[in-house]
Amino acid sequence: MKIIHHPSAVPHAHVATIGNFDGMHRGHQALIQRTKELASQHHCAAMVILFEPQPREYFSPDTAPPRVMQLRDKLHFLQQAGIDTVVCLSFSHCCQLSAETFCDVILKQALQVHTLVIGEDFRFGKGRTGDAALLQTHGLAVENIPPVLAGDLRISSTAVRITLAQADFSLAERLLGHAWQFRGRVAHGQQLGRTLGYPTLNIRLGQPHVPVTGIFAVRVSIGDKTVWGAASLGPRPVVDDARGLLEVHCLDFNETLYGQHVTVTILQKLRDIMDFDSHTALIEQMQQDILQVRALIP
């Protein structure tokens, strides 16, 4: 899969879909699947166009909703889905372009898009004045994909975010079409867990906020191994950057994994993050957390 950050003239025509794709939920999957089908019919490449930062993060960084999925997880998902090209556009630049300029200069000239697959509420360009009619007026073929429903619920990133905030991971998986996961490289931490007798895998996130914080039962995929664990998910102000942190204590596993990539699947919330008066109180609570995880293991 080819990843493009600075659009310039690409050598081949594309069928493309465009959006934030936060979560890669079943609605996004419908767009991606149709893009691949049309690309196959036209004997050309399938392209997904993303924006970084996401629009609400650009316009209202202090109140933007937390992401369901990190960029690195999006790219992994798209590669697994068989997308040929991903274009990651700077939203700070694109939002200054008129809809006509974005269509003609970015989509048609630079990215060689001839067919665009979109959701019914897709808007683009400065002031969000661009829509399907404008795309067609400027010579692009357009295919609108209707919303995907789960019962009576329209699947959207907002719906997924609300479901995660309620810690309803079963419903979240129905909306997403996959488990809620984080991928990342194991980083060095402050060694507090190891000092207390509960070493952790530390994965720095690409975002300061997540839809739900707390202590969770998780499964960790390490190469061809899968182990259970108890994880803390949420912001860590004392860490040396502003991003969030996922800390996982793996049960019955003590290998050193610094620098290796792991996948953490969130299964069930155990409790909220708490403050403790002493290390003894913290250790006692961690022991209870681990017993809860063990009770979930089939």
Side-chain angles (χ1 to χ4, degrees), residues 2-10 12-39 41-42 44-61 63-65 67-69 71 74-75 78 83-148 154-159 161:
K2 184 176 183 180
I3 301 173
I4 299 173
H5 291 280
H6 303 287
S8 56
V10 296
H12 305 294
H14 288 83
V15 174
T17 186
I18 184 170
N20 293 323
F21 296 95
D22 187 20
M24 289 295 173
H25 57 62
R26 287 170 50 206
H28 297 143
Q29 292 168 40
L31 293 169
I32 291 166
Q33 181 60 33
R34 187 55 180 156
T35 299
K36 290 172 57 183
E37 292 170 354
L38 290 173
Q41 292 174 18
H42 290 285
C44 64
M47 173 184 284
V48 170
I49 303 170
L50 306 171
F51 295 104
E52 285 291 330
Q54 294 179 170
R56 291 181 66 180
E57 294 169 345
Y58 174 77
F59 288 118
S60 305
T63 59
R67 292 194 183 199
V68 175
M69 179 178 277
L71 176 60
K74 289 185 194 181
L75 297 177
L78 292 169
I83 290 298
D84 301 300
T85 306
V86 174
V87 180
C88 191
L89 294 176
S90 167
F91 184 76
S92 60
H93 171 67
C94 291
C95 71
Q96 305 301 321
L97 302 177
S98 69
E100 293 81 2
T101 298
F102 182 80
C103 179
D104 291 338
V105 176
I106 302 296
L107 294 180
K108 294 178 63 179
Q109 294 177 22
L111 300 179
Q112 296 289 301
V113 175
H114 64 74
T115 301
L116 196 65
V117 180
I118 59 175
E120 65 176 11
D121 56 356
F122 175 67
R123 299 291 184 273
F124 65 98
K126 189 174 183 178
R128 302 183 76 245
T129 58
D131 57 13
L134 186 144
L135 291 167
Q136 292 169 322
T137 299
H138 284 249
L140 283 174
V142 175
E143 180 152 342
N144 282 281
I145 303 298
V148 176
R154 174 178 173 171
I155 297 176
S156 67
S157 297
T158 298
R161 200 174 291 116

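Treat the numbers as computed from the prediction; the structure is a model and nothing was measured.
- Listed for the H14 side chain is a donor-acceptor partner under 3.5 Å among the backbone atoms of H12.
- Side-chain contact check for H5 versus E52: every heavy-atom pair is 4.5 Å or farther apart.
- Put simply, CG on D84 and CG on L78 are 11.0 Å apart, with the number rounded to the nearest 0.5 Å.
- Interatomic distance, S92 OG to F59 CZ, rounded to the nearest 0.5 Å: 10.0 Å.
- Here the OG1 atom belonging to T35 is positioned 12.5 Å from the CD atom belonging to Q29, to the nearest 0.5 angstrom.
- Note: I49 CD1 to T17 OG1 = 8.0 Å, rounded to the nearest 0.5 Å.
- Residues K108 and E100 are not paired through a salt bridge, judged by the lack of any N-O separation under 4.0 Å between the basic side chain and the carboxylate.
- Annotation for I155 and G27: closest pair CG2-N, 4.2 Å, computed over non-hydrogen atoms.
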Exercise for the section: Please step through side chain to side chain contact (heavy atoms under 4.5 Å, CB included) for the pair M47 and Q112, ending with a clear verdict. Expected result: CA-CA 10 Å; M47 173 184 284; Q112 296 289 301; over 6 Å; no

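- Residues A16 and V113 share a closest heavy-atom pair of CB-CG2, 3.9 Å.
- Counted by atom type alone, S156 and T158 present zero donor-acceptor pairs between their side chains at under 3.5 Å.
- Of all the heavy atoms in V48 and I32, the pair that sits closest is CG2-CG1, 4.4 Å.
- Here the CZ-SG distance, from F51 to C94, works out to 5.5 Å after rounding to the nearest 0.5 Å.
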Problem - side chain to side chain contact (heavy atoms under 4.5 Å, CB included) between V86 and I4, intermediate numbers included - result: CA-CA 6 Å; V86 174; I4 299 173; over 6 Å; no

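- Judged purely by atom type and a 3.5 angstrom limit, K74 uses its side chain to pair as donor or acceptor with the backbone of N20.
- When all heavy atoms of C44 and A13 are compared, the closest pair comes out as CB-O, 3.4 Å.
- The minimum heavy-atom distance between P53 and F91, with the atom names listed, is O-CB, 3.2 Å.
- Counting only heavy atoms from C-beta outward, the side chains of I106 and L111 approach each other to under 4.5 Å.
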Check residues 117-135 and write down every donor-acceptor pair under 3.5 Å in which the side-chain atom is one partner and the other belongs to a residue at least two apart or another chain.
from : atom 1 : to   : atom 2 : distance (Å)
D121 : OD2    : R154 : NH2    : 3.4
D131 : OD1    : A133 : N      : 3.2
D131 : OD1    : L134 : N      : 3.0

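- Minimum interatomic distance between K36 and I83 (heavy atoms only, all atoms of both residues): CG-CD1, 4.1 Å.
- With S157 as the fixed residue, the side-chain contact (heavy atoms from CB on, under 4.5 Å) test singles out one of M69, H28, Q54: H28.
- For the atom pair CG of L50 and CD1 of I18, the computed distance is 9.0 Å after rounding to the nearest 0.5 Å.
- Not a single donor-acceptor pair under 3.5 Å links the side chain of T101 to the backbone N or O of L97.
- For residues 18-30, the pairs satisfying salt bridge (Lys or Arg N to Asp or Glu O under 4.0 Å) are D22-R161, with sequence neighbours left out.
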